[in-house]
Amino acid sequence: MDALDSCFTGGHGVIEFKDFRVPASDVLGEIGQGFRYAQVRLAPARLTHCMRWLGQARRAHDVALDYARSRQAFGRPLGEHEGVSFMLADNEMDLQTARLHIWHTAWLLDQGERCNFESSRAKVVCSEAEWRVVDRSVQILGGQGVTHETIVPRIFADMRAFRIYDGPSEVHRYSLGKKIVAGRRDVSLQARGDA
Amino acid sequence: MDFSLSAEHQALQAKVRRFIADKIIPLEKDPRQSVHGPSEALRNELVEKARDAELLTPHASREFGGRGLSHVGKAIVFEEAGYSTLGPTALNIHAPDEGNIHLLEAVATKEQKERWLRPMVQGRLRSCFAMTEPPPGAGADPSMLATTAVRDGDHLRDQRNQMVHHRGRRRRDGDYHGAHGGWRRHNVPFGHGPSGNRIGAHDGCAG
């Protein structure tokens, strides 16, 4: 199955389980605990996606920045034109916002917190912020941004799926919204002894 | 509130940054890439480079050959690796192997770890993650998962025929190893199951 992204060895496929038998010794963990195990896997895995794609967004930004500094238009570098400089500034803000969400959530995980709420929040923020960075980088590169002369359109195609897999933004917003209404706050804001 | 990185993390950040710039970015235009990602040969070459640089699978525990990175450590290393489209493949920290390694470390038995986890950490085995099903099964939300299994003697047997979309991963020798992302999770040696099994790639992945 061809997909928009081409960064994973082997890519994507469709498989069918039919009359499939798994020896008891190959069952992972206890039967009936799958959803709990999925949480063990998914909260940190959401965040590692944010980390890898942050690197990709930073790369796209650096390529666009390099172009904005060297390409001259109307007697000055592209980056000195306000329209482009504002996009570079917005990229910087989005990159740092994503990084702070990642570092803070990673730190909480290192303190032993489960971070289902916080990693969900970071996933939405990072996938959307990092996407905006790559989209702006294409825009700054102009015509070159839609060719494969640079790595940026490749990153653009690869990253789009990040707003969908490991839970689309909408599923995370819905889940966050439910928890917020139920009184959940960022774990850092909870007073000691406050459940 | 302290945002400074430890000396160890700073050194690792510089090491990965240099490795990506010197060894991996030059391969980004390698022709051994298609819509199905890097070829097996390119992937193995990338992994070999990370192995030589002692940067392979850094998030795995020291017991299994990794660096036992903390989550903050991962944040530093993974961002640097992500600077190249091929970086996460080289360091063996790409999805879904990275998360599957984490889960196997947390949940698998000693025997399962030797069989699956150790070769994954060594970069010699890849895994997949099956997530979505045809209607009315799961799409975006795993709470819709419909694939189930029943106990049948000392085996579990699937109860419903389902097609699932996964990120296919193939082992060097052609074995598949699937960590089924269901309510019940199984290690499924794809394509080499006990006789009578049918687990087929309806729409195969290249690689």
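Residue numbers start from 1 in every chain, and the chains themselves are labelled A, B, ... in the order their sequence lines are given, proteins ahead of strands.
In terms of heavy-atom pairs under 4.5 angstrom with chain B, the leader among A/L4, A/T105, A/D62 is A/D62. Most heavy-atom pairs under 4.5 Å with chain A, from the set B/T85, B/V35, B/D154, B/L42: that is B/T85.
For A/R58 and B/E79, the salt-bridge test passes: some basic side-chain N is under 4.0 Å from an acidic carboxylate O. Using a cutoff of 4.0 Å between basic side-chain nitrogens and carboxylate oxygens, A/R154 and B/E28 are not scored as salt-bridged.
A donor-acceptor pair under 3.5 Å is absent between the side-chain atoms of A/D110 and the main chain of B/S70, judged by distance alone. One N or O on the side chain of A/R52 and one on the backbone of B/I93 form a donor-acceptor pair closer than 3.5 Å. One N or O on the side chain of B/Q112 and one on the backbone of A/V27 form a donor-acceptor pair closer than 3.5 Å. Under the 3.5 Å distance criterion, the side-chain polar atoms of A/R99 are left unmatched by any main-chain donor or acceptor of B/A75.
Taking OG of A/S6 as the start and NE2 of B/H36 as the end, the distance is 10.0 Å to the nearest 0.5 Å. Remark: B/H102 NE2 to A/T48 OG1 distance equals 9.0 Å, nearest 0.5 Å. To the nearest 0.5 angstrom, B/Q33 atom CD is 9.0 Å from A/T9 atom OG1. Here the CZ atom belonging to B/F78 is positioned 14.0 Å from the CH2 atom belonging to A/W53, to the nearest 0.5 angstrom. Atom CG of A/D166 sits about 7.5 Å away from atom CZ of B/F129, to the nearest 0.5 Å. Atom-to-atom distance recorded for A/H12:NE2 and B/T132:OG1 is 10.5 Å, nearest 0.5 angstrom.
The local environment of CD in A/Q72 is crowded, with over 12 non-hydrogen atoms from other residues, nucleotides or ligands closer than 6.0 Å. The environment of CZ in A/R163 is crowded: more than 12 heavy-atom neighbours from other residues, nucleotides or ligands sit within 6.0 Å. Taking a 6.0 Å sphere around CZ of A/R184, one finds it holds more than 12 heavy atoms contributed by other residues, nucleotides or ligands. In the displayed structure, A/Q111 atom CD is contacted under 6.0 Å by more than 12 heavy atoms of other residues, nucleotides or ligands. In this structure, B/R151 places its CZ atom where only 12 or fewer heavy-atom neighbours from other residues, nucleotides or ligands lie under 6.0 Å away.
At a 4.5 Å heavy-atom cutoff, the contact between B/R17 and chain A is made by side-chain atoms alone. In this structure, chain B has a heavy atom under 4.5 Å from the side chain of A/I151, while its backbone stays farther away. With a 4.5 Å cut-off on non-hydrogen atoms, B/I101 does not touch chain A at all. For a residue to count as touching a neighbouring chain, one of its non-hydrogen atoms must lie under 4.5 Å from one of that chain's; by this rule B/L46 does not touch chain A. Of the two parts of A/S25, only the backbone, made up of N, CA, C and O, holds a non-hydrogen atom closer than 4.5 Å to a non-hydrogen atom of chain B. Using a 4.5 Å cut-off between heavy atoms, A/H104 makes no contact with chain B at all. Contacts of B/S84 with chain A are made by both backbone and side-chain atoms, with heavy-atom separations under 4.5 Å. Neither the backbone nor the side chain of A/L108 comes within contact range of chain B, judged by heavy atoms closer than 4.5 Å.
Using a 4.5 Å cut-off on side-chain heavy atoms (C-beta onward), B/I76 and A/W103 make contact. Contact of the B/Y83 side chain with the A/L54 side chain is not registered, since no non-hydrogen atoms from C-beta on lie closer than 4.5 Å. Proximity of A/P44 to B/H71: side-chain heavy atoms (C-beta onward) are separated by under 4.5 Å at one or more points. The closest side-chain heavy-atom distance from A/Y37 to B/L103 is below 4.5 Å. Residues B/L104 and A/L28 meet the side-chain proximity criterion, which asks for heavy atoms closer than 4.5 Å.
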In sequence, state the C-alpha distance, the side-chain angles, and the governing distance for B/R115 and A/D26, and then conclude on side chain to side chain contact (heavy atoms under 4.5 Å, CB included). CA-CA 10 Å; B/R115 185 176 173 192; A/D26 284 355; 3.2 Å; yes
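Nearest approach of B/P38 to A/C7, heavy atoms of both residues: CD-O, 3.9 Å.
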